[in-house]
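In what follows, chains are A, B, ... by sequence order, proteins preceding strands, each numbered from 1.
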Amino acid sequence: MLSYIIKRILMIIPVIIGVSILSFLLIHLVPGDPARMMLGERATPKQLVELRETLGLNDPLYVQYGRFVEKAVQGDLGSSVRSKMPVFEEMGNKLPATLELTLFALTIAVLLGGLAGVVSAVKPYSIFDNLSMGLALFGVSIPVFWLGLMLIWIFGVHLHMLPPSGRLTVGVELQTITNLYILDSLLTGNWKAFKDALSHIIMPAVALSTIPMAMIARVTRSSMLEVLGQDYIRTAWAKGLPGRLVIFRHAFKNAFLPVLTVIGLQFGYLLGGAVMTEEIFSWPGVGRWLFVAISARDFPIVQGGILMVALLFVTINLIVDILYTYVDPRIRLD
Amino acid sequence: MTPQGTTASGEVAVKLNEYVSRGPWVEGFLRLLRHKTALVGLIIVGILLFTALLAPLLAPYDPITQDLPNRLQAPSSEHLFGTDAHGRDILSRIIHGTRISIQIGIIAVGISLIFGTFLGAVSGYYGGKLDLVVMRAIDIVMAFPYILLAIAITAMLGPGLTNAMIAIGLVGIPIYARVIRGVVLSVKEMEYIDAAKVSGCSNFRIIFRHVLPNCMAPLVVQATLGVGTAILDAAGLGFLGLGAQPPHPEWGIMLNQGKEVMSIAPWVIMFPGAAILLVVLGFNLLGDGLRDALDPRLKDS
């Protein structure tokens, strides 16, 4: 067991090195001088020289990369050009919002998608199956940004039911502990803030959940179909076990592995990739932060932030892989 | 054997072995037509191609010329989908937008397809260290959220449709490489490849003449699904202001500009978004159908 985990950790080292090189090189895709790109056309030659000096842009690339890595392993990813705040700290401020949104969206996706997948597999080619698989196809085809706008238009503008942007109404007091507002409001027993935070998260979470939900539904269905066709399931039915027990205890447990893969991948992906959703709902999370930094050519954030997002993804995949060995001990033998 | 005999036994033979030389593509196409949802996809994609081809004839108005007195008109018999904040007919803009979508589909998927196929084929065929390096490189690229990487590359290269297509094409390469590598790994073990080696074919010739033609089915499926994804992503980049620039009638840009006025003129965002949904849905339906028709082994995967 331990040797498997160690082997798995060693395997990600080359990936981490590659990820750091790629994040480092991203800003060098800019045609011409990065310093000029950051300061704009009106920068004086003196400002340009200074910025090049502070960012070390005069050194050869490999020296710059060496310095980037050396600082990064010490937890220093540089500071934002605009706010002067360390990249690490800024990311720390943005992560809870994204984490909260991701967890909420994935919960919706797993519950509804998983249920739809199981029921579809139990009654394949039934009306429910056709309907939910049709919806799943819609889910992967619908532009999230459009869905977001339509939700805002219907529930925000038209019905005035849900707030169209942000995490909390201005003026609502909330003592923060974890910075996950819903959790914090529950911990402090702040009912008003809980309702407010919940009403803010519903629309972005629904918009964000469509793709993972569709994927989970499809994977659950096909994985369940495969398991339900196996001999031991027939034995379970023949023994006269109640349907619920056969489906959830016997079948779903074994069908869960591919579903876990999708959940893990989507979790890692959404932590940095929810750019559209966060942008539309002005959700102050990592995706929007990176998008704004990319647009403003705040290069330390582009390099450091994207590196951290990728490292998070790699780490989550590692954890999922290790979780596998608990869920399915056969994997360790491989 | 008479051609008639071939057709009569064709269906059974194809079910037994997808790669018999006797026209699996024709059989696949026929099966596609019997597949109801795939047929819907084929029709949607057909309409898209037809619209793109005849856009100037079909569009009732010019997609770019502004007509300020008629701004934000609700849908009517004159303007079926209404007009936008510059008085331009939304239906005409959507019709012309189909051309941009096709362009994105071809160029972005083309980039992914060419590089991905090459990398996947070479890596799968030669194996060993080369394979290890290529696969690790793919892991690295896939560690970045796909859309974030596309956004970053586009923004760094400079916003615009061309750079957006390049970025989407580049970030798509790993998926194609993986698909092709998987198929190549199984194909290269087949006896006819040994036969080709014995008869003195070069590796290059074996890859391109013997291995790749047998990878076409999954490639076609992946590319069809990929066109849908590419259109969706390009619209996303357009929506963020990184893709096609105004006044191009690109659907993402139309949504971006429409969001300012959507509370008073919801049709401005409703129709372009529905157009994206419909086209992406069409390619997804067709892709799923092709998977069932061309390569039943991949069904439900």
- Message: Under a plain distance cut-off of 3.5 Å, with no hydrogens placed, do B:N163 and B:T154 share a side-chain donor-acceptor pair?
- Response: no
- Message: I'd like to verify something: which residue of B:M156, B:M142, B:M262 has the highest number of heavy-atom pairs under 4.5 Å with chain A?
- Response: B:M156
- Message: Can you list everything that forms a side chain to side chain donor-acceptor pair (under 3.5 Å) with B:Y146? Sequence neighbours excluded, please.
- Response: B:D233
- When the 4.5 angstrom heavy-atom criterion is applied to A:V275 and chain B, the contacting part is side chain
- Message: Checking an interface table here. Which of residues 235-243 of chain B come within a heavy-atom distance under 4.5 Å of chain A?
- Response: B:A235, B:G236, B:L237, B:F239, B:L240, B:L242
- chain B contact via A:L290 - side chain, backbone, both or neither, heavy atoms under 4.5 Å: side chain
- Item | Any donor-acceptor pair under 3.5 Å from B:T229 side chain to B:L225 backbone | yes
- B:S112 side-chain N/O to B:A108 backbone N/O, donor-acceptor pair under 3.5 Å: yes
- Query: Would you say A:P143 and B:V280 make side-chain contact, with heavy atoms under 4.5 Å?
  - Reply: no
- Quick one: of B:A274, B:S263, B:G228, who has the most non-hydrogen atom pairs under 4.5 Å with chain A? B:A274
- Item | Within-4.5 Å side-chain heavy-atom neighbours: B:P145 and A:V309 | yes
- What closest approach, in Å, do A:G305 and A:M91 show between heavy atoms, and which atom pair accounts for it? O-SD, 4.5 Å
- Got a donor-acceptor contact below 3.5 angstrom from the B:T83 side chain to the B:L72 backbone? yes
- Item | Options A:S23, A:G134, A:G272, ranked by heavy-atom pairs under 4.5 Å with chain B, top entry | A:G272
- Check for a donor-acceptor pair, side chain of B:D139 on one end and backbone N or O of A:V15 on the other, with a separation under 3.5 Å. no
- Judged by atom type as modelled, is there a donor-acceptor pair below 3.5 Å linking the side chain of B:T224 to the main-chain atoms of B:G287? no
- Item | Contacts of residues 264-273 of chain B with chain A (heavy atom under 4.5 Å) | B:P266, B:I269, B:M270, B:G273
- Most chain B-contacting option - heavy-atom pairs closer than 4.5 Å, from A:V302, A:V314, A:L137: A:L137
- Item | Residue selection (most heavy-atom pairs with chain B, distance under 4.5 Å) from A:M11, A:M150, A:E279 | A:M150
- Message: Taking A:D129 first and then A:K123, would you say they form a salt bridge - that is, a charged N and a carboxylate O separated by under 4.0 Å?
- Response: no
- Taking the side chain as C-beta and beyond, is there a heavy-atom pair between B:I276 and A:W146 under 4.5 Å? no
- Message: So does A:I17 get a backbone contact from the side chain of A:S20, meaning a donor-acceptor N/O pair under 3.5 Å?
- Response: yes
- With distance as the sole test, does B:D131 use its side chain to make a donor-acceptor pair with the main-chain N or O of B:G127 at under 3.5 Å? no
- Item | Under 4.5 Å from any heavy atom of chain B - which part of A:L147 | neither
- Salt bridge check: are B:D84 and B:R71 linked by an N-O gap of less than 4.0 Å? no
- Message: Using a 3.5 Å distance criterion without hydrogens, assess whether the side chain of A:W289 forms a donor-acceptor pair with backbone atoms of A:E90.
- Response: no
- Contacts of residues 95-105 of chain B with chain A (heavy atom under 4.5 Å): none
- Item | Part of A:V144 lying under 4.5 Å from any heavy atom of chain B | neither
- Winner by heavy-atom pair count (cut-off under 4.5 Å) against chain B, out of A:F145, A:F291, A:F299, A:F313: A:F145
- Message: Can you give me the closest heavy-atom contact between B:P75 and B:L80, atom names plus distance?
- Response: CB-O, 3.2 Å
- Are the side chains of A:S209 and A:L106 in touch, meaning some heavy atoms are under 4.5 Å apart? no
- Checking heavy atoms, do the side chain of B:N256, its backbone, both or neither come under 4.5 Å from chain A? neither
